[in-house]
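Below is one structure, written out as structure tokens; comments come after it.
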Amino acid sequence: MCRTSRRCYAALVAAVCAGLAGCSSHGATAAPPAAAAAVASAVAPAVAPVSPDPATASDLAKFYGQHPAWSTCDGMFQCASVTVPVDWSAPTGETLQLALERLPATDPTHRLGSLFINPGGPGGSGNQLVRAARDIFSAKLREDYDIVGFDPRGVGSSNPVHCLPGPQLDAFLSTNGTPQDAAQIATLQAADAGFAAGCKSESSTLLSHVGTRDVARDVDVLRAVVGDAKLNWFGFSYGTYIGSFYAGMFPQRVGRMVLDGPLDPALDQGSLSEEQAAGFQDEFNRYADHCLAGGHCPIGSSRQQITDAVTGLFAKLANEPMDTADQRVLTQSDAISGVAFAMYDPTQYWDSLTTALHQALNGDGQRLLGMADQILDRTGPGQFADNANEANLAVNCLDHPGEDTVADAKAALPAMKAASVVFGASFAWGNLTCADMPQLNPPPQPGPVPATGAGPILVVGATHDPATPYPWALALSHQLATGVLLTRDGDGHTSYGHGNDCIDTAVDSYLIDGATPRAGTTC
């Protein structure tokens, strides 16, 4: 979850995160940060338990009592659709269809139920994640659970939000996101206003109803229609936000829940942006050290030189986009997106980033533009694989309103730059996108999610996760009344399914046997 360089997509669960295979355990969890402890005791929860029970409400019976017609699709998978109200406060009004896909349990005799999964984003497709389930989830999990994904409302095949045609969206995403003067600020504001106008024109009915609180209500219907008394949930990145909100709204219905790479729901938009900027900077510093450790780093002979080279490249591209071999240009926003993309997966992308940066510094932006294409799901000039960019901004602007004026951006710049010399400015100006987007009245407020009454919830955090920094995992694990923290000491975004046997074994043991790791376990 982030709003920088027009869109920083934190849903890359297919990325391979580097980690340590060893596992250590300590006798107690770390003390919660003072700020998190203060928030938990002084601020109202972000969400409250839903009352009365919607499953027993007469006007919701038609939603909770559905029987999806599953049909074979994509080979060994099954697909279905489920109806939910557009506006949960007016359930007799318009409805929408949620697209589901599942991989049935391979050992039906020992089936434990359904395991709902979400890859993050916002904007990530749960159906696409199901199709990758055999590469991510262990054979034992797939034996015991139906792995069920869904495209959240406004995403993919579930009444997708649309804002701009492909070429216009491409231009919007490539707009200079770190303006230096009044003219550049005006250009950025015009681009943001055009995006918002397009969203309102193309998706007006749904646009105010794609927030995470609405998605959590949808999830409870999905749980009911697959016949599970409690929800088993595995959320990555933004998927942890859906999971934690569900736990706060339906604590008695939480079964086994894993929150991998979590957000901290108690932070406001400014704090989220500043801490995420610091997380990306931490990972960039570690990338620079990795480049230097190879003996010859072609982009600098010290961390400072590498930083100066990259920030200098960004500054030059702001005024002089770079030609590439395929007749496109590398803009500053695309360059920032490409560098940010590599931070998600050190094993797969750090060495590629070094090559891309070296070439860009010598006038060839093709490889760095290719990395931007990957994070933006861009398949060609003005072409995108899905609506993830549009959904990402639509959901974030509803969930995290505020600090979206030029004055706010200017005021945030010093702290953002202090948090990240490489990415800070783009984070400061990124919030401007929401200035003209629909807002809820009253706006949702950040706060802790205690989820009192839920069973044990497993929170998984990596010490150098750029997109969801480790302090967020620590904070959420202490906000949740039954939170259990599992730590991976390593780089990259999210932890399960990326080759760390210690993490995978601990998570599988919890989901299959209900056994939580010892407090303080670090892998």
Side-chain angles (χ1 to χ4, degrees), residues 1-10 33 35-36 38-39 43 46 122 172-173 175-193 195-196 238 241 263-285 307 310-311 314-315 317-318 332-333 335-337 339-340 343 392-437 439 443-447 466-469 471-472 475:
M1 193 274 348
C2 58
R3 303 207 298 253
T4 180
S5 58
R6 321 311 296 136
R7 184 181 81 96
C8 179
Y9 186 28
V39 165
V43 178
F172 166 74
L173 293 170
T175 304
N176 178 4
T178 62
Q180 300 297 312
D181 55 36
Q184 291 180 349
I185 291 173
T187 298
L188 179 60
Q189 286 182 293
D192 288 332
F195 177 83
Y238 164 76
Y241 208 54
L263 280 74
D264 180 357
L267 296 179
D268 61 21
Q269 178 55 42
S271 299
L272 283 167
S273 294
E274 186 175 337
E275 293 189 16
Q276 194 173 52
F280 273 95
Q281 184 65 45
D282 168 69
E283 197 70 328
F284 180 86
N285 291 342
T307 300
V310 172
T311 55
F314 291 167
L317 290 170
Q332 184 209 56
S333 287
I336 294 173
S337 293
V339 174
M343 298 302 103
N392 181 278
L393 289 170
V395 176
N396 273 328
C397 288
L398 278 185
D399 279 355
H400 306 286
E403 302 194 9
D404 55 13
T405 68
V406 170
D408 290 330
K410 290 180 175 179
L413 271 171
M416 291 295 186
K417 288 182 177 179
S420 174
V421 65
V422 176
F423 303 102
S426 60
F427 272 93
W429 288 103
N431 296 331
L432 203 63
T433 307
C434 295
D436 297 303
M437 292 289 283
Q439 304 289 325
Q445 297 299 312
T468 51
W472 295 359

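All values reported here derive from a predicted model rather than from experimental measurement.
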Review point. Hey, does the side chain of D404 reach the backbone of L432 with a donor-acceptor pair shorter than 3.5 angstrom?
Key: no
Please table the atom pairs, donor to acceptor, closer than 3.5 Å between any side-chain atom in residues 183-190 and protein atoms at least two apart or in another chain.
from : atom 1 : to   : atom 2 : distance (Å)
Q184 : OE1    : Q180 : N      : 2.6
Q184 : NE2    : N319 : OD1    : 3.2
T187 : OG1    : A183 : O      : 3.1

Check your understanding: Is the backbone of G270 close enough, under 3.5 Å, to the side chain of S273 for a donor and an acceptor to pair up by distance?
Key -> no
Study note, to complete from the structure: Taking every heavy atom of L263 against every heavy atom of W472, the minimum-distance pair comes out as CA-CE3, 3.7 Å
Study note, to complete from the structure: Closest non-hydrogen contact found for A475 with D264 is CB-OD2, 3.5 Å
Practice item. Could you check if a side-chain atom of P444 sits within less than 4.5 angstrom of a side-chain atom of P401, using non-hydrogen atoms only? Key: yes
Check your understanding: Once you round to the nearest 0.5 Å, how far does OG of S426 lie from CD of Q332?
Key -> 7.5 Å
Review point. Roughly how far apart are C397 SG and D192 CG, rounded to 0.5 Å?
Key: 9.0 Å
Check your understanding: Would you say T468 and Y241 make side-chain contact, with heavy atoms under 4.5 Å?
Key -> no
Practice item. Return the minimal non-hydrogen interatomic distance between L267 and P446, and the atom names on each side. Key: O-CB, 3.4 Å
Check your understanding: Would you say F314 and T178 make side-chain contact, with heavy atoms under 4.5 Å?
Key -> no
**Study point:** Nearest-0.5 Å distance that lies between atom CZ in F195 and atom CG in L173
**Key:** 8.0 Å
Point to revise | Residue pair G177 / W429: nearest heavy atoms and the distance that separates them | key: O-CB, 3.1 Å
Review point. Is Q276 reaching over with its side chain to a backbone N or O of A467, donor-acceptor style, under 3.5 angstrom?
Key: yes
Review point. Can you find a pair of side-chain heavy atoms, one from F172 and one from L393, that are under 4.5 Å apart?
Key: yes
Exercise for review: Determine the interplanar angle of the F284 and F423 rings, folded into 0 to 90°, and report it as parallel if under 30°, tilted if 30 to 60°, perpendicular if over 60°.
Suggested key: perpendicular
Exercise for review: Could you pull out the closest heavy-atom pair between M416 and A428, with the gap in Å?
Suggested key: CG-CB, 3.8 Å
Check your understanding: Which pairs with one or both residues in residues 266-284 pass salt bridge (Lys or Arg N to Asp or Glu O under 4.0 Å), sequence neighbours excluded?
Key -> E283-R286
